[in-house]
Structures are given as structure tokens and as C-alpha cells.
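Shown next, in C-alpha cells, is the structure this report addresses.
These numbers were taken from a predicted model, which means no experiment stands behind them.
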Amino acid sequence: MPRQILKPIICTVAALLAWTVLPGTFIDRGLFSLTARTFAEPPFFISEKGGAASTHTLHTFKQQPTLPSEPLPDIVITDDPDRVFQASPPSPVDFAIILKNLRRLGRDSIAIGMPLAWSETDGISLMALDQQLDALRSVVMAAPLSRGPIASPLPPAFRRASIAVSDIHGNARHLPIVNRVSIPDAMLGNSNSLAGFTTLESEPDGEFPYLLARWDDRVVFSFPLLAALADHKVLCEQVEIRLGNYISLGKEGPYIPIDEFGRLTFRPPSSTNSSSIPAESLIDASADFLTGLRAGTLLIRNGMSAADEASARFSDSLVPTVSLLADPSGTFASRAYNRIPWPSELLLIASVLSLLHGLGNFSKTGGRLALMILAGVIVIIHLIVVPVTGTWPPTFPALAAVLAAIPLTAARKAIPKRKETAKTDMIPPAPTEG
């Protein structure tokens with residue numbers, strides 16, 4: 001088949017194959033990642049919507065996280081100066097009364113952000129608390145974790161709030177390792193409860209809190225992360241974890257930025273919520289007492305003056321941290337880069353193919369150089385168009401057509417000397433004198 005016919009066919013096939021096969025693949029994602037590095041200020045991460053849509057979403061971090069307009073409501077356990085409860089800190093019966101009143105006031109999704117443990121108590125009190133915990137639609141319990149020489153079995157509440165190590169993306173060996181609950185007698189609820197860790201005692205305190213830890217072949221979650229999941233009504237198995245990038249609360253997000261060690265990549269604000277509701281005010285509250293508060297999960301946190309430093313610090317930052325995890329839009333800005341409509345993509349590809357056909361006239365005067373320059377121009381236009389328009393043009397099909405044309409195009413040809421010699425031979429010799 002003559003090269004003049006074969007060349008446009010091969011270029012067209014290369015462009016159409018790239019147009020149909022590459023979108024949504026790792027090659028497509030890699031090009032977008034390289035493109036984003038030319039205009040987005042790090043750190044940032046990219047989430048993908050694969051398939052024919054091939055939507056890339058770029059998430060860039062904000063310098064200062066902003067709290068959502070409606071933080072999660074919280075009930076604070078105070079020193080109980082009026083001695084409303086049976087004991088201070090509250091006994092199991094007191095906590096049962098608190099939970100019963102919350103159910104009476106229309107709240108059945110509760111996250112208790114403090115370990116519930118009593119060294120001396122009777123079975124009837126614990127039974128009363130168990131009944132109230134079982135009556136809740138959703139309950140998240142809390143306990144600190146650590147790593148010791150003797151491993152303990154993973155408690156059921158922690159196992160239900162975990163995923164297999166094989167289900168996460170990234171090197172799980174970077175996650176902190178735990179193997180026991182620091183408070184052995186901490187209540188973790190029954191069959192309907194989930195448990196997350198408050199602190200990791202085997203890890204040094206840092207400004208960036210851990211959201212994940214590894215217990216044998218499972219990845220367990222922090223209490224703030226579980227509270228955010230409960231607020232979104234997302235199951236643990238629906239969570240997507242990409243170490244060094246993000247935690248996705250479901251397939252469509254929202255996304256929480258994390259580093260490769262499972263820590264938040266921003267410092268959550270540390271402040272006590274001024275609208276906290278003292279637990280003792282629930283006892284005689286009217287039926288509409290909590291009506292004006294944000295719907296969803298309600299937090300219970302420790303506000304007693306006798307709390308140790310680590311517990312007080314965790315409690316003070318609990319509301320802003322969980323609020324940011326439940327609504328992480330205050331931590332980064334997102335922009336989706338969608339493909340342009342397919343008729344427009346085909347029109348652009350056809351334009352490139354027509355240009356290649358026109359460049360065929362340069363095959364005798366450096367056609368390959370012209371094609372290489374064209375490929376560079378396409379890349380430059382791509383790097384300009386993507387950040388300005390917020391779209392994802394069909395750059396790969398255009399490049400595929402150009403690159404396919406290069407080996408089919410003749411290099412620069414020198415003028416054959418043989419022909420010049422032949423012409424010289426045709427000139428008759430000059431007559432000689434004599």
C-alpha cells in the first residue's frame with residue numbers, strides 16, 4: 001500500500017484508539033497529575049471518576065482550615081456543681097439517664113468521646129447502661145490504644161469499625177501498630193456499637209492527629225473519624241483509604257487529606273465549643289430543647305476539671321476536629337476537570353488529522369522536525385487550556401496521531417549528487433585550441 005494512503009489511516013487509527021481506550025486509565029491519571037503540578041501549589045491530591053466520563057478532581061489545601069457554619073452539637077460532662085447526678089464523674093446509672101433523655105429529645109445517634117470505665121460498680125448499673133446503649137440507632141464508643149509485649153484479641157466493637165489491611169491503598173507498614181486497649185475494663189458497647197481510639201499511647205503526641213492504626217491484619221479508626229462516618233451514615237467498608245492522599249467517606253467523598261502514616265495533614269483547631277450543653281441540663285429539658293441544633297450525630301465529651309492533660313486536650317479539640325472531618329470542605333478547595341462533549345473532541349481530533357495531512361508536503365524538507373514541533377505545541381496548548389478552562393481536552397488522541405506520523409514521515413533528504421553528476425556529464429567539454 002502506498003505510504004501516501006497508509007500514513008493517514010495509521011494516524012486516524014492511533015487517534016481513535018487513544019480516544020476510546022486511554023480515558024480513565026493510569027496513563028490518563030498520570031498525565032493529569034503531571035499537568036496539575038505545573039499550576040497547582042502543593043500539597044494537593046487528586047480523586048478520579050473513571051470510565052468514559054474520566055473526571056479528574058483536584059483538591060488543593062487551604063492555608064487555614066475554616067470550621068463549618070454548623071459544627072456538631074455536643075454534650076459536655078461537667079463537674080456537676082449542683083450535684084444533679086448520682087456521682088461525679090457520672091456513674092453508669094447517670095450515663096444511662098443521660099442517654100435515655102437524649103432519646104426522649106429525639107437523638108438516637110450518639111458518639112461518646114470519652115472512655116467509660118469504672119473500677120467498682122454493680123452489675124445492675126451496668127445492665128441499665130447496656131440497655132440504653134442497645135436502644136440507640138447508632139453509637140460510637142471510645143478508648144485509648146497502645147502497643148505492648150503481649151497482644152490482646154481485637155475487641156468486637158473495634159473489629160466492626162475496621163477494614164482489612166489488604167483493602168487500603170499504600171504501604172500499611174507505615175501505620176502505627178497497636179495490639180491492646182489501654183483501659184482493659186472500658187465499656188465498648190454491644191452488638192450495635194462501634195469503637196474508635198482516642199489516643200495512641202505508644203506514639204508521641206503531635207500536632208497532626210492519627211486517624212488510622214494497624215491491629216494485626218486490620219486497620220482500626222480513630223474516634224473522630226468514626227463519629228464523622230456515623231454523621232454521614234457511611235459504613236466502614238464503604239471507606240476508601242489512600243495513604244499519602246486521602247480518606248474518602250464513600251465513593252463520592254467527601255475527602256479527608258492524610259499523609260502516608262495515617263495522620264491528618266492539617267492542624268485541627270483546638271478550642272472549646274462555646275455552645276456546649278451541660279449534661280445535667282438534659283434532666284428536666286422540654287421536648288424541643290434540642291430542636292434548633294444541627295441534625296446528625298451528637299457528641300458527648302469530657303469537660304471535667306480533673307481530666308488529665310491528654311484527655312482534656314483531646315476533648316477540647318473534639319468538636320472542631322469531628323466537624324471538619326464530617327464537612328472537610330473547610331480544609332481544601334476542589335475543582336473538577338471534565339471532558340468536553342464528544343462531538344467537540346472528534347472535531348478537534350479531525351482538525352489535527354487535517355493538519356497532519358497538510359504537513360505531508362514537508363516530507364522532503366524536514367517533515368519529522370515539523371511534527372516534533374507540532375507535538376510540543378500541542379503540549380503547550382494543553383498546559384494552558386486545562387487550568388484556564390477547567391476542562392480535560394483530548395490531548396492524548398492528538399499526540400497519538402502526531403507520534404504515529406513521525407516514523408512514517410521521511411527525514412530531510414539531501415539533494416542526490418548522482419543526479420548533479422549526471423547533469424554535469426551531459427555538458428559537452430569546451431573546445432580546445434589547436
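A donor-acceptor pair shorter than 3.5 Å can be found between the side chains of Ser276 and Asp74. His56 and Asp28 form a side-chain donor-acceptor contact under 3.5 Å, judged by distance and modelled atom types alone. Judged by distance alone, the side chains of Ser311 and Asp308 do bring a donor and an acceptor atom under 3.5 Å apart. In the model, Thr55 has a side-chain atom that pairs as donor or acceptor with a side-chain atom of Asn338 under 3.5 Å. In the model, Ser109 has a side-chain atom that pairs as donor or acceptor with a side-chain atom of Thr297 under 3.5 Å.
Contact check for Leu67 versus Asp327: no side-chain heavy atoms found under the 4.5 Å cut-off. No side-chain heavy atom of Val139 sits under 4.5 Å from any side-chain heavy atom of Leu99. Between Phe261 and Leu175 there is no side-chain heavy-atom pair separated by less than 4.5 Å. Side-chain contact check for Ser193 versus Leu133: every heavy-atom pair is 4.5 Å or farther apart. Inter-residue side-chain proximity for Ile112 and Val140 is flagged as unmet; no heavy-atom pair is nearer than 4.5 Å. Contact annotation: the side chain of Leu346 approaches that of Trp19 to within less than 4.5 Å [non-hydrogen atoms, C-beta and beyond]. Within the 4.5 Å cutoff, the side chain of Pro254 has heavy atoms near those of the His232 side chain. Counting heavy atoms from C-beta outward, Leu374 and Leu356 have side chains that approach closer than 4.5 Å.
Between Leu188 and Ala143 the shortest heavy-atom distance is CD2-CB, 4.0 Å. Between Ala111 and Ala227, the shortest heavy-atom distance links the atoms CB-CB, 4.0 Å. For the residue pair Ser334 and Thr57, the shortest heavy atom distance occurs at CB-CG2, 4.1 Å. The two residues Ala15 and Ala401 come nearest to each other via the heavy atoms CB-CB, 4.0 Å. Closest non-hydrogen pair, Leu72 versus Ala326, comes out as CD1-CB, 4.1 Å. Closest non-hydrogen pair, Val234 versus Gly250, comes out as CG1-N, 4.1 Å.
A distance-only check finds no donor-acceptor pair linking the side chain of Gln132 to the backbone of Leu129 [under 3.5 Å]. With Arg335 contributing its side chain and Pro387 its backbone, the two residues share a donor-acceptor pair below 3.5 Å. In this structure, Arg29 contributes its side chain and Gly24 its backbone to a donor-acceptor pair below 3.5 Å. In this structure, Asn192 contributes its side chain and Leu136 its backbone to a donor-acceptor pair below 3.5 Å. Although no hydrogens or angles enter the test, the distance criterion places no donor-acceptor pair under 3.5 Å between the side chain of Arg180 and the main chain of Ser146. Panel note: side chain Thr291, backbone Asp288; a donor-acceptor pair is recorded below 3.5 Å. Remark: the backbone N or O of Arg313 is paired with a side-chain donor or acceptor of Ser317 at under 3.5 angstrom. Side chain of Arg301 to backbone of Ala312: no donor-acceptor contact under 3.5 angstrom is found. Asn179 contributes a side-chain N or O that, together with a main-chain N or O of Gly148, makes up a donor-acceptor pair within less than 3.5 Å.
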Apply side-chain contact (heavy atoms from CB on, under 4.5 Å) to the pair Ile183 and Asp185, showing each step before the final yes or no. CA-CA 6 Å; Ile183 304 176; Asp185 55 349; 3.2 Å; yes
side-chain contact (heavy atoms from CB on, under 4.5 Å) for Phe32 and Ile46? Distances and angles first, verdict last. CA-CA 9 Å; Phe32 183 80; Ile46 299 167; 3.6 Å; yes
Given the rule in the side-chain contact (heavy atoms from CB on, under 4.5 Å) test, do Met187 and Asp130 qualify, once you have shown the distances and angles that lead to the verdict? CA-CA 9 Å; Met187 289 190 66; Asp130 275 337; 3.3 Å; yes
Start with the C-alpha distance between Leu194 and Met141, add both sets of side-chain angles, then the distance that settles side-chain contact (heavy atoms from CB on, under 4.5 Å), and finish with yes or no. CA-CA 6 Å; Leu194 304 176; Met141 309 294 288; over 6 Å; no
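For the atom pair CG of Leu31 and CZ of Phe396, the computed distance is 4.5 Å after rounding to the nearest 0.5 Å. A distance of 13.0 Å separates OG in Ser33 from CZ in Phe45, rounded to the nearest 0.5 Å. Atom CG of Leu212 and atom CZ of Phe197 lie 6.5 Å apart (nearest 0.5 Å). Between atom NZ of residue Lys233 and atom CZ of residue Arg137 there is a gap of 5.0 Å, rounded to the nearest 0.5 Å. Once rounded to the nearest 0.5 Å, the distance linking CZ of Arg339 with OG of Ser344 reads 11.5 Å. Once rounded to the nearest 0.5 Å, the distance linking CG of Leu145 with OG of Ser222 reads 10.5 Å.
Among the candidates Leu383, Val388, Leu58, the single residue satisfying the side chain to side chain contact (heavy atoms under 4.5 Å, CB included) test with Phe39 is Leu58. Among Leu282, Leu290, Ile75, the one residue that satisfies the side chain to side chain contact (heavy atoms under 4.5 Å, CB included) test with Asn101 is Leu282.
Open room surrounds CZ on Arg147; 12 or fewer heavy atoms of other groups in view lie less than 6.0 Å from it. Other residues, nucleotides and ligands place no more than 12 heavy atoms under 6.0 Å from the CZ atom of Arg37.
In this structure, Phe208 has its ring center at least 6.0 angstrom away from the ring center of Phe266.
In this structure, Tyr255 and His59 have tilted ring planes: the angle between them lies in the 30° to 60° band.
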